[in-house]
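Presented below is the structure to which this report refers.
Everything numeric here is computed off the predicted structure, so don't read it as measured data. Note that these values count all heavy atoms, side chains included, but never hydrogens, waters or copies made by symmetry.
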Amino acid sequence: GVLLRAAANAGADDRHALTAASAAGITVLAFPLSGLDTITGHAVAPDGSVWAAVRGATAVGSELIRRAPDGTLTRVPAGTTETLSSLGVTPDGRVWAVAYGQPRLLSAAPDGTRGELALGSVPDALTVGPDGALYLTRRGEHPAILRVDPAGGATQTFAVGTPGVS
């Protein structure tokens, strides 16, 4: 199946939930927490838990929220008011997120421990490769695909695109 989030202009109940769609039907995974504006990204961990990036509606800012298979929620303040997007989960269950306009990645472990990884540039999108590495895209003057080792931050850069255009 797939997980879908509601449009940003949907009602609050819809913005605080993900919809799981499969051949068997539709299931709603609610994130019934106060102080939330909207879910801005999501990813499924190897253990079946679901991570959601949430733009906060309070001074606390954005959060990463883990919904365990039993429905237990763990909130991890992201330490920024910027929108989080482009989530990926590494084999150890840690979720990684792009924070809009910031030259770093934010992360959270299943136990709620928050982390971050400084980068030399602002990433645009993130995915986790089959090797467990983080793969990022970068636009602007030096467009590239970056391969980042989540354990230590070692980075390989592969130039792509047209500088200043893509």
query: Which atom pair, heavy atoms only, marks the closest approach of G132 to P91?
result: CA-CD, 3.9 Å
query: Which pair of non-hydrogen atoms, one from A6 and one from A10, has the smallest distance, and what is that distance?
result: CB-CB, 3.8 Å
- prompt: Should W96 and V122 be regarded as members of a common hydrophobic cluster, given that ILVMFWY residues are connected when their side-chain heavy atoms come within less than 4.5 Å of each other, either directly or indirectly?
  reply: no
field: V76 vs R66 side-chain heavy atoms within contact, under 4.5 Å
entry: no
Any side-chain heavy-atom pair of L18 and R67 under 4.5 Å: no
task: Using a 4.5 Å cut-off on heavy atoms from C-beta on, say whether the side chain of V148 contacts that of L126.
output: no
message: Using a 3.5 Å distance criterion without hydrogens, assess whether the side chain of S86 forms a donor-acceptor pair with backbone atoms of A125.
response: no
- request: Taking all non-hydrogen atoms of both residues into account, name the closest pair between A17 and A30 and its distance.
  value: CB-CA, 4.0 Å
- prompt: Looking only at side chains, do R94 and S107 share a donor and an acceptor under 3.5 Å apart?
  reply: yes
task: For the pair T80 and E116, evaluate side-chain contact (heavy atoms from CB on, under 4.5 Å) and give the outcome as yes or no after the intermediate values.
output: CA-CA 11 Å; T80 183; E116 66 179 70; over 6 Å; no
message: Whether the side chain of H42 engages the backbone of L3 through a donor-acceptor N/O pair (distance < 3.5 Å, no angle test) should be reported.
response: yes
- request: Please answer: with hydrophobic residues joined when any side-chain heavy atoms are less than 4.5 Å apart, are L73 and V44 in the same cluster?
  value: yes
statement: Of all heavy-atom pairs linking S49 and A68, the shortest is CB-CA, 3.8 Å
statement: Nearest heavy-atom approach of D37 to R15 is O-NE, 2.8 Å
task: Mark yes or no for whether R114, through its side chain, and A78, through its backbone, hold a donor-acceptor pair below 3.5 Å.
output: yes
field: Heavy-atom pair with the smallest gap, counting every atom of A133 and P150
entry: CA-CD, 4.0 Å
task: State whether the number of non-hydrogen atoms from other residues, nucleotides or ligands found under 6.0 Å of Y100 atom OH is greater than 12.
output: no
query: Short question: side chain of S62, backbone of E82 - any donor-acceptor pair under 3.5 Å?
result: yes
query: Would L134 end up clustered with L146 when hydrophobic side chains under 4.5 Å apart are linked, directly or stepwise?
result: yes
Among V89, V95, L29, side chain to side chain contact (heavy atoms under 4.5 Å, CB included) partner for V50: L29
- prompt: Is the backbone N or O of T40 less than 3.5 Å from a side-chain atom of S85, with the two atoms forming a donor-acceptor pair by type?
  reply: no
